[in-house]
Asks: 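Provided herewith is a single structure, encoded as structure tokens, for subsequent inquiry.
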Amino acid sequence: MTSLEKPGIWKKTANGRTALLYLLPSILLFSVFVFYPMFRTIYLSFFLTDQNGDAAIWVGFENYSYLLESTAFINSMKATGLFVLYTVPIGIVLALFFALLANEKLKGIGFFRTVYSSTMGISVAASSVIWLFMFNPSMGMFNRLLSLLNLPQIQWLLDPQWALLSVSISTIWMNIGFSFLILLGGLQNIDEHLYESSRIDGAGYFYRLRRITLPMLSPTLFFIITISLINAFQSFGQIDILTQGGPSASTNLIVYSIYREAFINYQFGTASAQAVTLFIIILVVTILQFKLGERRVHYQ
Amino acid sequence: MSKSYDKQVDVISNINVTIEPGEFFVLVGPSGCGKSTMLRMIAGLETITSGTLKIGDQVANHLSPDKRDLSMVFQNYALYPHLTVQQNITFGLDVKKVKKATQQERAAEVAETLGLTDYLKRKPRELSGGQRQRVALARAIVSESPICLMDEPLSNLDAKLRAHMRTEIRRIQRKLGITMIYVTHDQVEAMTMGDRIMILHEGEIQQVGKPIDIYNNPANPFVATFIGSPPMNLAYSDADKKASEIVIGDILRLPVPSNEIITIPEYQLIAGIRPEHLRPALKESPEEDKLYVVVTNVEVLGNETVFSFKLGTNEWKAKWSGQWHIEIGDSIPILIDYGAFCLFEARTGDLIKKSTDLGNVVFGKEVLV
């Protein structure tokens, strides 16, 4: 009786093998560009390296303990924390505000939708250069405005008090396009009938916003908050162009600090240790967000 | 309550109707005829281009939806997916800042009526289609508005549930005495539920009246084919005054009483007859009255039999009660009476002769005594 024969391992795994075949291209790509660099970084973080970036001396966790005692690193962490705090909530609230505006059915609203999302189409480098001009102390737009209003001049990028704030402002501007687009998409997905029904009940705009829009948008908001958080932790381009981490390391965000450690100081070991620390921080923040935030999310 | 509209644009024009308080008024028509637009105009979700809408004695053209004191059930129910059934039902009350305790009370009461008590804590996605429909209904009822608008509320339900909900909605409407304006494309719903129905086609009123009156005396060929299933059989026809006959579909000649033939105009007509008015010819029927037709299709529905045949270029249907063993291709004799015909003017579609011979399908209560 052939039907009673147990199917062999080869036959049992037929589905799995087919699936693997389909996954092969992405597994290959991910391995080369994600997994290998990741494990290499973890590996390097336990070594002191030579100038070529090759592992030279095994030091175990010494790189990490060095980091925790280093005031530069602590400062960098603080700056990053502040930067995230400045950019993420304000960026999302502004994007949500614009998305709500642009979601109204008005004539010519398409123009505004394009404008609000246009920052998505500008590279970080290009927009940083534009902001560099605007922040320029003598000929920049902001200081001109201040002098018109008879207010004292501000050294936007040169004053340690202001530099992080300035960088944050330009970052908010850069990120708004993407958040706006995603939130607008989320808003457009909300069934128009829900609003009509609530209008018949007599709900005002803010009541609708609170009881319908925000709960219905919560999956999108959750997504954009997660992405924005991760993005903010990884900001690099605007720092490099606007301030190079200065003045007096006030804008030395962690990714920029990693870059300097590795490619200017050639300390690949400590740079890797910082990178791993950043990875762990982002992981923890994201997990926390999922644990705490997802309770408030209403999936359909 | 009175209401009259003249929306002079493409979608809806020259609507002029008064809906009585406590009435179950059905707007029926094929899709795209403007019936939903009209409902939305009543609700205030769509602006009225011209004309006036009165609710009670008040002109309501520019009243916001919540000031019109009405409730609405949407086709897709528009339940809030993130709220529980209870919260969905009390949403409108919460907006109106009704006390929490009263909200609970009224929600519980309505839920009881509609059999939703066990589901109050659930989310809409955990409910079946029929239950969601009932939540939507509950939401409309709980507001205690005197007017309730319904936009094809039963179209997402299966046939059996639809039949059940038809009677359910009708029962609730009678019990609460609310004025119901009900939009549907289903003529069965219109016939069974409405006190009065309005048939719309391409944004214009075709006919307004009691379902039975409309069924018996359709105002034009569109109404004749739209109401009734299978639809009324139609064919072009001409009057032959010399022979005192009417020629239907170039084939069928029927004698017309001489006092009636003079009232029939010269121009081309459309003759219509309900499928149930085509009667089987019996053995004792005089041979000259019999019309032999070749059966092209048969549907036996258990309690009635519907078969099709060709009359000239038109395919007609006949509906006989009982189960008839007829095969496709059979040639069977039928009786057609001139009296059962409706005549319409072909060009304008106006009704010029009502069907008078309804004797074999209309019964009074006295028959039972």
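Here is how names work: the chains are called A, B, and so on, in the same order as the sequence lines, proteins then strands, and each is numbered from 1. Basis for what follows: all heavy atoms, side chains included, without hydrogens, waters or symmetry-related copies. What you see is a predicted model, and the numbers here were worked out from it, not measured in a lab.
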Asks: Within residues 202-213 of chain A, which positions have a heavy-atom distance to chain B below 4.5 Å?
Replies: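 Residues Gly202(A), Ala203(A), Tyr207(A), Arg211(A), Ile212(A) are the ones that qualify, each having a heavy atom under 4.5 Å from chain B.
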Asks: Verify side-chain contact (heavy atoms from CB on, under 4.5 Å) between Gln75(B) and His193(A), making sure each step is shown before the conclusion.
Replies: CA-CA 9 Å; Gln75(B) 182 173 3; His193(A) 287 115; over 6 Å; no
Asks: Are there residues of residues 65-72 of chain B whose heavy atoms fall under 4.5 Å of chain A's heavy atoms? If so, which?
Replies: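 Heavy-atom contacts from residues 65-72 of chain B to chain A are Pro65(B), Asp66(B), Leu70(B), Ser71(B), Met72(B).
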Asks: Report, by ascending residue number, the residues of residues 169-184 of chain A in heavy-atom contact with chain B at a distance under 4.5 Å; give 'none' if the set is empty.
Replies: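 The list, in residue order, is empty: none.
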Asks: Side chain from CB out, backbone as N, CA, C, O: work out which of these in Ser218(A) comes under 4.5 Å of a heavy atom of chain B, or both, or neither.
Replies: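 Neither part; nothing is under 4.5 Å.
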Asks: Got a sec: does the CD1 of Ile9(A) have more than 12 other heavy atoms crowding it under 6.0 Å?
Replies: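 Result for CD1/Ile9(A): open.
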Asks: Please give me the minimum heavy-atom distance between Ala43(B) and Ile200(A), naming the atom from each residue.
Replies: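 In this case the closest contact between Ala43(B) and Ile200(A) is CB-CD1, 4.2 Å.
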Asks: In Å and rounded to the nearest 0.5 Å, what is the CD to CG distance from Glu192(A) to Asn76(B)?
Replies: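 Reported value, rounded in 0.5 Å steps: 11.0 Å.
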Asks: Who in residues 80-99 of chain A is close to chain B, using a strict under-4.5 Å heavy-atom cut-off?
Replies: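 Within residues 80-99 of chain A, no residue comes under 4.5 Å of chain B, counting heavy atoms only.
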Asks: Could you check whether any side-chain heavy atom of Pro215(A) comes within less than 4.5 Å of a side-chain heavy atom of Tyr80(B), counting everything from C-beta outward?
Replies: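 Side-chain contact under 4.5 Å: no.
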Asks: Between Phe74(B) and chain A, which part of the residue has a heavy atom less than 4.5 Å away: side chain, backbone, both or neither?
Replies: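 Contact with chain A: side chain only.
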